[in-house]
Amino acid sequence: MKVGKKRFYSLAAALLFSITSLTAMDWGGILRNSSKALLPNFFDFGLSQTNDVYLWMNTPLGNSNMFFSAEGLYEFNYYYANETGLVSNYLDLDLFKFYGDFEFENSNSLSISLGRFTVSDASAAIYAQNIDGLFVKYNAGFINFSTYAGYTGLLNSQKVSMLDGEAQVFAYKSALYSLSNPYLPFNASIEFPALFGNQSFVFQLNGCADFGEQKANRFYATLWLTGPISNMCFYNVATVFGTKNFSSLMNFSTLDLYVYLSDIFFFSAGAEYASGKQGPFSPYVGITSRPVVASLTAPETSASFLPKVSATVILNQISLALTGKFYMACPESSFEAQGAEMDFYLTYSIFPDFQIGVDVTSYFDVTSQKDNNNLTATLRFAVSF
């Protein structure tokens, strides 16, 4: 009889814990549509249709400071060009992590994430994507320390694009879930959030161990500085020095200036450089794919110089953005003009849970071949629940 009562109480406690967890759980989803008209070379015509269902949830783990969060996605794609249609589907788990924030009596705090989550380096030109691993950050007020490490071989290669040692994107199999190439990315970061005059300074060490066939291990050191110049003007400046298997030296540098002219309008201008074979440098190679322009060949961030400008207007539920880039290739000592990109983005939030938008992306080839022109118009909408 006593054993029966113990089992009953244990079952009741487990049921009560489950109900408490479910009532505290937040969840939702998004239905998204993207319909594209493609005009490569300003002559050929193609269509691209993408529909996806995105689900998310977040729940506390008992009475601790720990939480569990997950996000999943199913996507359908249809591509039509040259009288041929291609259908593809994929599933992905964008987020699957246990995380928590712990505060101490001296106002310092510790943040931990374990599982699958998204990370990015300070420059966003090395590694900016999902990772399966561990992230730890200690906030001491005037100085912050953080580190992460993980594995990429279990990610869906249809969702993330990574580069080999020659700045080429790995090909993936047309499958519902195709495993990505096996890298072990890692990062260690020191941040001074208010070093002087509200200026923030970050020093990072990044890298990846390549467990694939090439064994193209890469290591990077990054310096990043950001802060206000005035009440209306802010800046970001970063430089990255990297090496591949300690046999080369490469550099990526970027400068951006942001001017907030009013509450509804801001403007930005800047430039970025990714080394080619200039002086002591070799062509820059990151880890995550990052095309510099939307041309037909979509060149990666390598051996390039890119001045850029943008303007954004936000009026209640409407946001409008115009961007421009001028792409120059610098494989060796000379800088060669390749083309200009002009983009237009319009987003209208009709209701808090319903959003529509129009994007137009155009690239104009200024070389003698004129064979890299590209034009894309996209109609998109999203409904959240």
Side-chain angles (χ1 to χ4, degrees), residues 101-104 106-113 117-129 135-149 185-207 218-243 249-275 281 284 286-288 290 292 301 304-314 319 321 323-325:
D101 296 313
F102 305 90
E103 294 187 0
F104 305 108
N106 56 4
S107 298
N108 295 354
S109 63
L110 178 69
S111 300
I112 299 176
S113 295
F117 46 87
T118 300
V119 292
S120 175
D121 67 283
S123 70
I126 302 174
Y127 190 93
Q129 63 176 65
F135 172 85
V136 178
K137 181 177 181 179
Y138 183 76
N139 185 342
F142 71 98
I143 187 172
N144 301 327
F145 303 93
S146 65
T147 184
Y148 68 77
F186 54 87
N187 168 285
S189 177
I190 300 175
E191 176 189 6
F192 296 89
L195 185 61
F196 59 90
N198 293 323
Q199 311 299 304
S200 297
F201 173 77
V202 175
F203 173 71
Q204 291 186 338
L205 296 175
N206 295 273
R218 278 154 271 179
F219 307 93
Y220 310 85
T222 302
L223 298 174
W224 184 71
L225 188 65
T226 184
I229 300 175
S230 67
N231 292 334
M232 298 172 52
C233 188
F234 299 80
Y235 74 95
N236 289 330
V237 60
T239 188
V240 178
F241 292 94
T243 182
L249 178 65
M250 49 192 179
N251 176 253
F252 172 84
S253 296
T254 181
L255 171 65
D256 293 289
L257 186 68
Y258 304 91
V259 181
Y260 294 82
L261 299 177
S262 69
D263 292 337
I264 65 172
F265 177 71
F266 70 89
F267 170 84
S268 69
E272 63 181 52
Y273 162 77
S275 63
F281 297 128
Y284 179 80
I287 303 172
T288 301
R290 183 182 181 268
V292 288
T301 303
S304 61
F305 180 68
L306 192 76
K308 52 189 177 178
V309 294
S310 70
T312 302
V313 177
I314 301 176
S319 65
T323 66
K325 305 175 183 177

Discussion item. Quick one: does any side-chain atom of Lys325 pair with a main-chain N or O of Leu306 as donor and acceptor, under 3.5 Å?
Written reply: no
Practice prompt. Looking only at non-hydrogen atoms, find the nearest pair between Ser200 and Leu225 and report the distance.
Written response: O-CD1, 3.1 Å
Worksheet item: Rounded to the nearest 0.5 Å, what separation is found between the CG atom of Asn108 and the CZ atom of Phe102?
Response: 15.0 Å
Item to complete: Check Ser304 against Val292 and note the closest heavy-atom contact, atom names and distance.
Response: OG-CG1, 4.0 Å
Worksheet item: Around atom CG of Asn106, are there more than 12 heavy atoms of other residues, nucleotides or ligands at under 6.0 Å?
Response: yes
Discussion item. Would you call the rings of Phe135 and Phe117 parallel, tilted or perpendicular, taking 30° and 60° as the class edges?
Written reply: perpendicular
Worksheet item: What's the verdict on side-chain contact (heavy atoms from CB on, under 4.5 Å) for Phe252 and Thr301, showing C-alpha distance, side-chain angles and the deciding distance?
Response: CA-CA 9 Å; Phe252 172 84; Thr301 303; 3.7 Å; yes
Item to complete: Go through the side-chain N and O atoms of Ser268 and Ser310 and say whether any donor and acceptor fall under 3.5 Å apart.
Response: yes
Discussion item. Exactly one of Asn144, Asn139, Asp101 should register a side-chain hydrogen bond (donor to acceptor under 3.5 Å, both in side chains) with Ser111. Which one does?
Written reply: Asp101
Worksheet item: Are any non-hydrogen side-chain atoms of Leu223 and Phe203 less than 4.5 angstrom apart?
Response: yes
Worksheet item: When rounded to the nearest 0.5 angstrom, what is the spacing between CZ in Phe265 and CD1 in Ile314?
Response: 11.0 Å
Worksheet item: At what distance, to the nearest 0.5 angstrom, does OH of Tyr220 lie from CE of Met250?
Response: 4.0 Å
Worksheet entry | Leu110 side chain near Phe104 side chain, heavy-atom distance below 4.5 Å | yes
Item to complete: Could you please spell out the steps behind the side-chain contact (heavy atoms from CB on, under 4.5 Å) verdict for Ser189 and Val202?
Response: CA-CA 7 Å; Ser189 177; Val202 175; 3.7 Å; yes
Fill in: Heavy-atom closest pair, residues Thr288 and Ala128
OG1-N, 3.1 Å
Practice prompt. Show the numbers, then the answer: is there a side-chain contact (heavy atoms from CB on, under 4.5 Å) between Leu205 and Phe186?
Written response: CA-CA 8 Å; Leu205 296 175; Phe186 54 87; over 6 Å; no
Practice prompt. First locate atom CD1 of Ile143, then atom CZ of Phe201, and finally report the distance between them rounded to the nearest 0.5 Å.
Written response: 10.5 Å
Fill in: Distance (rounded to the nearest 0.5 Å) between Ser109 OG and Tyr138 OH
8.0 Å
Worksheet item: Is a side-chain donor-acceptor pair under 3.5 Å present for Thr239 with Asn251?
Response: yes
Discussion item. Quick one, Glu191 with Trp224, criterion side-chain contact (heavy atoms from CB on, under 4.5 Å). Give me CA distance, side-chain angles, the key distance, then yes/no.
Written reply: CA-CA 9 Å; Glu191 176 189 6; Trp224 184 71; 5.6 Å; no
Worksheet item: Under a 4.5 Å cut-off applied to non-hydrogen side-chain atoms, are Thr254 and Asp256 in contact?
Response: yes
Discussion item. Show the nearest heavy-atom pair for residues Arg218 and Gly286, with the distance to one decimal.
Written reply: NH1-O, 2.7 Å
Discussion item. Do Phe266 and Phe234 make a side-chain contact, defined as non-hydrogen atoms from C-beta onward lying under 4.5 Å apart?
Written reply: no
Worksheet item: Roughly how far, to the nearest 0.5 Å, is the CZ atom of Phe305 from the OG atom of Ser253?
Response: 10.5 Å
Worksheet item: Is there side-chain contact between Thr222 and Ile126, with at least one heavy-atom pair below 4.5 Å?
Response: yes
Worksheet item: What's the shortest heavy-atom distance between Gln204 and Ala122, and which atoms?
Response: OE1-N, 2.9 Å
Practice prompt. Answer whether the closest heavy-atom distance between the side chains of Asn206 and Ile287 falls below 4.5 Å.
Written response: no
Discussion item. Within the structure provided, determine whether Ser120 and Gln129 are in side-chain contact (heavy-atom separation under 4.5 Å).
Written reply: no
Worksheet item: If we only count heavy atoms from C-beta on, is the Tyr127 to Asn187 side-chain gap below 4.5 Å?
Response: no
Discussion item. Parallel, tilted or perpendicular, judged at 30° and 60°: which one describes the rings of Phe241 and Phe281?
Written reply: tilted
